[in-house]
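Everything below concerns the one structure shown next.
Small disclaimer: the values here were computed from a predicted structure and weren't measured. Sequence lines set the chain letters: A, B, ... in the order given, protein chains first and strands last, and positions in each chain run from 1.
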There are 2 protein chains.
Amino acid sequence: MLDKQKKVAEILEVTGKANGVCPVQDFLAHFANKWSMLVVLNLGHLESPRFNELKGKVVGISQRMLTVTLRSLERDGLISRRLYAEVPPRVEYQLTPLGGSLLDVMMSLGDWASVNQVEIAKARKNFERRSKNRMEKISVGG
Amino acid sequence: MLDKQKKVAEILEVTGKANGVCPVQDFLAHFANKWSMLVVLNLGHLESPRFNELKGKVVGISQRMLTVTLRSLERDGLISRRLYAEVPPRVEYQLTPLGGSLLDVMMSLGDWASVNQVEIAKARKNFERRSKNRMEKISVGG
DNA sequence: CGGTATCCTTGGAGATACTG
DNA sequence: CAGTATCTCCAAGGATACCG
């Protein structure tokens, strides 16, 4: 319990210092966009998929966003890109070991989200109800 | 190893179905903003801090964004808010058990980020170098 | 097939001023 | 002290058309 607090303190310690950025914050700034983690998950599932194969799996992504996302992940060393000099060209993507390690973290995050999504939804409903009551008191005359 | 693939498959399975959203995706959509996780971390570190105390710790946050962030976390049941009817008013925030469980996940994410930030930075430098070479070939005549 | 290039929209977030 | 209320800006992301 107190170990936990201490560990949090360590993580936050960096944050205050000159130019120090919280690792969690830093992570989110880079990877917490609409598609990156979905692509990582799909690459953990498929084996060396091609561009359009991936596009088919990542439901709703546009060609542009898939390109942007893949470049960004490649840039950070999470995925590798292999271009085969054929006509028409073939490009395959796969997770690097680094990307694979991130996949583990994402899975425990996925676990947490799966387990607790009901409780969160419940909390949200409760919160709505409470604020609605306040509204009703105000708008009785409407 | 194959267990891992299978688990990823489960997480992604929801995604394809009608109105199904990937838990990871869902998580990010709600919590992956600029301040939420920083606030959660700070609440894991401090004990029942007051509004301005928190504002002092979360470096760079504005009054507005702290309010917005706290409301959102409260709405999702991750933190609780206690208002003491004093003059001037005193408000204290703390993590709920749900929020505490999220803190654990964030800490393993923080671990990953801390351990791998060097490798990521290196990968990024490498990537820049490679694209710069391409640029130089193009702009020789400039 | 696997991308770029371009234009456009939207909402997250900052700055500032005011309040119970 | 602990917030609201506005206004504003910018960059993430979508739509569409073209390219090696």
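Heavy atoms of other residues, nucleotides or ligands lying less than 6.0 angstrom from CZ of Arg82(B) number 12 at most.
dG3(C) atom C1' lies 14 Å from atom CG of Leu54(A), rounded to whole Å. Atom-to-atom, CG of Leu66(A) to C1' of dG3(C) comes out at 10 Å; the value is rounded to the nearest Å. Distance CG (Leu70(A)) to C1' (dG13(D)): 15 Å, rounded to an integer number of Å. Lys55(A) places its NZ atom 11 Å from the P atom of dG2(C), with the value rounded to the nearest Å. As rounded to whole Å, 12 Å separates atom P of dG2(C) from atom CZ of Arg71(A). One interatomic measurement links the two molecules: CD of Glu92(A) to C1' of dG3(C), which rounds to 16 Å at whole-angstrom precision. The separation between Asn52(A) atom CG and dC1(C) atom C1' is 6 Å, rounded to whole Å. In this structure, the CD atom of Glu74(A) is 13 Å from the C1' atom of dG3(C), given to the nearest Å.
Taking OG of Ser80(A) as the reference point, atom CG of Leu98(A) lies at 11.5 Å (rounded to 0.5 Å). We find the CD-CZ distance between Glu74(A) and Arg130(B) to be 6.0 Å, quoted to the nearest 0.5 Å.
Qualifying side chain to side chain contact (heavy atoms under 4.5 Å, CB included) partners for Ser114(A), counting only residues two or more places apart in sequence or in other chains: Pro23(B). Residues passing the ring pair (Phe, Tyr, Trp, His ring centres under 6.0 Å) test with Phe31(A), sequence neighbours excluded: Phe27(A).
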All N/O donor-acceptor pairs, side-chain side in residues 63-72 of chain A, below 3.5 Å, sequence neighbours left out:
from, atom 1, to, atom 2, distance (Å)
Thr67(A), OG1, Gln63(A), O, 3.0
Thr69(A), OG1, Met65(A), O, 2.6

Can you give me every donor-acceptor pair (side chain of residues 47-60 of chain A, partner residue at least two apart or in another chain, under 3.5 Å) with its distance?
from, atom 1, to, atom 2, distance (Å)
Glu47(A), OE2, Gln5(B), NE2, 3.4
Glu53(A), OE1, Arg50(A), N, 3.1

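Using a 4.0 Å heavy-atom cutoff across all strands shown, Tyr93(A) reaches sugar-phosphate atoms only and no base atom.
Residues Ile11(A) and Gly110(B) share a closest heavy-atom pair of CD1-CA, 4.5 Å.
Rounded to 10°, the helix from dC1(C)-dG20(D) to dG20(C)-dC1(D) has 50° between the axis fitted to its first five pairs and the one fitted to its last five.
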ask   = Between Lys34(B) and Leu28(A), is a side chain to side chain contact (heavy atoms under 4.5 Å, CB included) present by the stated rule, with each step listed?
value = CA-CA 8 Å; Lys34(B) 194 167 180 184; Leu28(A) 293 175; over 6 Å; no
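Between Arg50(B) and dC1(D) there is no side-chain N or O to OP1 or OP2 distance below 4.0 Å. Distances shorter than 4.0 Å separate some side-chain N or O of Arg81(B) from OP1 or OP2 on dG3(D).
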task = Sugar-phosphate atoms are those with a prime plus P, OP1 and OP2; base atoms are the rest. Using that split, label each nucleotide of nucleotides 5-20 of chain C B, S or - for protein heavy atoms under 4.0 Å, 5' to 3'.
result = BB------BBB----B
